[in-house]
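It should be emphasised that the depicted structure is a prediction, and the values quoted were computed from it without experimental measurement.
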Amino acid sequence: MAQHGGQSVAPYPTPQGGYGDPNNAPPPGFNPGYNQGPSPVVYQPGPVHEYGAPPGAIAPAMSPAAPIGVPPGLEYLTQIDQILIHQKVELLEAFIGFETNNQYEIKNSLGQKIYNAKEKNDCCTRNCCGSLRSFDMKIKDTMDREVIRLIRPYRCVSCWFPCCLQEMEVQAPPGTTIGYVKQDWHPCLPKFSIQGPNKETLLRLDGPCFACNCCGDVNFELKGKDNDQPIGRISKQWSGLLKEVFTDTDNFGIQFPLDMDVKVKAVLMGACFLIDFMFFEKVGEANQRSSVFS
């Protein structure tokens, strides 16, 4: 992660101590170190206390004025190079296994909330189709305005059916398509294409053979269209034994270049949610899917 004073960062993928304990306060950052040479100075907004808020509470991050060409509500994404996504604990799911709509909080590296995301579909779809279910997901800013909509149709899960693989459409603002996330066929590895509004491939996302976080993080590397040099990452973070075994609440981190097109950053958020449902969503007594085979 860039530091004040224009100091350079270590080349990828030098580890920086991991994410820390997800049960504690939000981690200080990912420290990805993807860029070579001097890094830009990134100023994250400091904790701001709202009037009447409990002592120590962190207020939502405030968005700057909208730059030209940036969809309304995505202005803040121009200032950051990493995002934390935390799924909210659903007590009904934890105790009786009844599947409810997934809800997430999207934060910056300081733990300030920048967006809320909530899945929208019907009870029958959630509990009969499981992790394959279709849904619309509304992502709202701190002013409760819908700024992004994710649309996932029902698709097959197995690599043996390459004609019907996973796909997600990303709209910002709702009704205006800015990109797609499309699963690429591969016999044993999870691979995805990050596409533009005309379904042109912009970036690639490559995951491990077994997307199972057994006491460790699972990383999906973000790469250029025509090269294998990593420029970012989507990480499923280890949440601790109790959470991993008894709930399907997940913690993710997304890292991307600071100067990346803000629309592509929004599409990467859609890719993160698609990965969550494909590989880490548990319904009832069923285990999560861990590879492209199951």
Side-chain angles (χ1 to χ4, degrees), residues 26 45 58-64 66-67 69-90 100-122 125-126 131 133-153 166-182 192 194-197 205 220 222 232 234-237 248-256 260-278 280-281:
I58 299 179
M62 302 301 293
S63 296
V70 174
L74 303 190
E75 302 88 358
Y76 184 70
L77 294 181
T78 63
Q79 301 183 350
I80 57 177
D81 59 1
Q82 52 191 271
I83 292 174
L84 301 171
I85 298 180
H86 301 296
Q87 184 176 353
K88 295 182 179 180
V89 176
E90 299 293 341
T100 60
N101 284 321
N102 286 0
Q103 299 185 59
Y104 304 84
E105 288 186 343
I106 303 171
K107 304 178 181 180
N108 63 16
S109 62
L110 298 178
Q112 294 174 313
K113 183 168 62 177
I114 54 179
Y115 299 112
N116 286 310
K118 185 175 182 179
E119 171 191 2
K120 181 181 179 181
N121 52 24
D122 58 80
T125 298
R126 290 194 305 273
S131 61
R133 61 186 183 265
S134 61
F135 60 79
D136 287 0
M137 182 173 290
K138 296 182 178 182
I139 300 180
K140 298 183 178 181
D141 63 11
T142 55
M143 303 294 290
D144 202 37
R145 299 173 299 183
E146 184 181 358
V147 296
I148 303 174
R149 181 173 298 173
L150 309 178
I151 302 174
R152 183 202 187 190
Q166 296 293 314
E167 184 176 315
M168 178 176 284
E169 179 182 353
V170 182
Q171 300 178 352
T176 302
T177 301
I178 61 170
Y180 296 86
V181 183
K182 186 175 181 181
F192 300 88
I194 306 301
Q195 302 179 335
L205 198 60
F220 292 76
L222 181 66
I234 295 178
S235 299
K236 167 64 171 67
Q237 302 173 17
D248 64 349
T249 56
D250 299 318
N251 297 311
F252 285 89
I254 308 177
Q255 305 163 9
F256 39 68
M260 176 179 283
D261 188 333
V262 69
K263 297 178 183 178
V264 180
K265 293 181 181 181
V267 176
L268 286 175
M269 279 199 288
C272 182
F273 289 116
L274 181 60
I275 288 172
D276 182 27
F277 276 86
M278 286 182 63
F280 305 105
E281 177 76 3

Visitor: Work out which heavy atom in Lys263 is nearest to a heavy atom in Gly69; give both atom names and the distance.
Guide: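 The pair with the smallest heavy-atom distance is CE-O, 3.7 Å.
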Visitor: Using every non-hydrogen atom in the two residues, find where Asn121 and Ser134 come nearest and quote the distance to one decimal.
Guide: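 What the structure gives for the nearest pair is ND2-O, 3.1 Å.
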Visitor: Rounded to the nearest 0.5 Å, what's the gap from OH on Tyr115 to CD1 on Ile106? Could you check?
Guide: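 Going from the OH atom of Tyr115 to the CD1 atom of Ile106 covers 8.0 Å.
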Visitor: Met168 and Phe135: side-chain contact (heavy atoms from CB on, under 4.5 Å), yes or no, with the steps?
Guide: CA-CA 10 Å; Met168 178 176 284; Phe135 60 79; 3.7 Å; yes
Visitor: Would you say the side chains of Thr177 and Glu169 form a donor-acceptor pair under 3.5 Å?
Guide: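 Distance-only check passes for Thr177 and Glu169.
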Visitor: Within this structure, what is the CG-NZ distance for the pair Asp144 and Lys138, rounded to the nearest 0.5 Å?
Guide: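 Atom-to-atom, Asp144:CG and Lys138:NZ are 10.0 Å apart.
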Visitor: Do Ile114 and Ile80 touch side chain to side chain, with heavy atoms closer than 4.5 Å?
Guide: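 A side-chain contact under 4.5 Å exists here.
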Visitor: So, taking the atom named CZ in Phe252 and the one named CG in Leu84, what distance separates them when rounded to the nearest 0.5 Å?
Guide: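 With rounding to 0.5 Å, CZ (Phe252) is 12.5 Å from CG (Leu84).
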Visitor: To the nearest 0.5 Å, what is the distance between CD on Gln171 and OH on Tyr180?
Guide: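 Gln171 atom CD to Tyr180 atom OH measures 8.0 Å (nearest 0.5 Å).
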Visitor: Locate the shortest heavy-atom distance separating Asn102 from Phe277; write the atom from each residue and the value.
Guide: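 Minimum heavy-atom contact is ND2-CZ, 3.4 Å.
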Visitor: Would you mind reporting whether Gln103 and Gln87 have side-chain heavy atoms less than 4.5 Å apart?
Guide: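 SC-SC contact between Gln87 and Gln103 ruled out.
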Visitor: I want to check something: taking the side chain as every heavy atom from C-beta on, are Met269 and Ile148 in contact at a cut-off of under 4.5 Å?
Guide: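 The answer is yes; the side chains approach within 4.5 Å.
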Visitor: State, yes or no, whether a side-chain contact exists between Leu274 and Arg152 at a heavy-atom distance under 4.5 Å.
Guide: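 In contact.
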Visitor: Going by an N to O cut-off under 4.0 Å, is there a salt bridge joining Glu119 and Arg133?
Guide: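 Result for this pair is yes, salt bridge flagged.
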Visitor: Set out, in order, the CA-CA distance, both residues' side-chain angles and the distance that settles side-chain contact (heavy atoms from CB on, under 4.5 Å) for Glu105 and Lys107, then state yes or no.
Guide: CA-CA 6 Å; Glu105 288 186 343; Lys107 304 178 181 180; 3.2 Å; yes
Visitor: Can you confirm whether Ile234 sits close enough to Leu205 that some side-chain heavy atom of one is under 4.5 Å from a side-chain heavy atom of the other?
Guide: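 Side-chain contact under 4.5 Å: yes.
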Visitor: For the side chain of Glu75 and the backbone of Gly73, is there at least one donor-acceptor N/O pair under 3.5 Å apart?
Guide: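 Side chain of Glu75 to backbone of Gly73, a donor-acceptor pair under 3.5 Å: yes, one is there.
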Visitor: Provide the closest heavy-atom pair for Ala117 versus Ile139 in the form atom of the first, atom of the second, distance.
Guide: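 So the minimum-distance heavy-atom pair works out to CB-CG1, 3.9 Å.
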Visitor: Can you list the steps and then say if Asn108 with Ile83 is a side-chain contact (heavy atoms from CB on, under 4.5 Å)?
Guide: CA-CA 5 Å; Asn108 63 16; Ile83 292 174; over 6 Å; no
Visitor: More than 12 foreign heavy atoms under 6.0 Å from NZ of Lys265: is that the case here?
Guide: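 Yes.
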Visitor: Look up atom CG in Asp136 and atom CZ in Arg149, then write down how far apart they are to the nearest 0.5 Å.
Guide: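 The distance works out to 6.0 Å.
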Visitor: State the CE-CD1 distance between Met260 and Ile194, to the nearest 0.5 angstrom.
Guide: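 Rounded to the nearest 0.5 Å, the CE-CD1 separation comes to 9.0 Å.
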Visitor: Pick out which of His86, Lys236, Gln237 makes a side chain to side chain donor-acceptor pair (under 3.5 Å) with Asn251.
Guide: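 Of all the options given, the one that passes is His86.
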Visitor: On a heavy-atom basis, which atom in Ala266 and which in Leu74 lie closest, and how many Å separate them?
Guide: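 Taking Ala266 first and Leu74 second, the nearest heavy atoms are CB-CD1, 4.1 Å.
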Visitor: Is any side-chain heavy atom of Ile178 closer than 4.5 Å to one of Val267?
Guide: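 Yes. Closest side-chain heavy atoms under 4.5 Å.
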Visitor: Evaluate side-chain contact (heavy atoms from CB on, under 4.5 Å) for Phe273 paired with Ile85, printing each intermediate quantity in order.
Guide: CA-CA 9 Å; Phe273 289 116; Ile85 298 180; 4.0 Å; yes
Visitor: Do Lys118 and Tyr104 form a cation-pi contact, if we require the NZ or CZ to be under 6.0 Å from the six-membered ring centre and within 45 degrees of the ring's axis?
Guide: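 No, cation not above the ring by the 6.0 Å, 45° rule.
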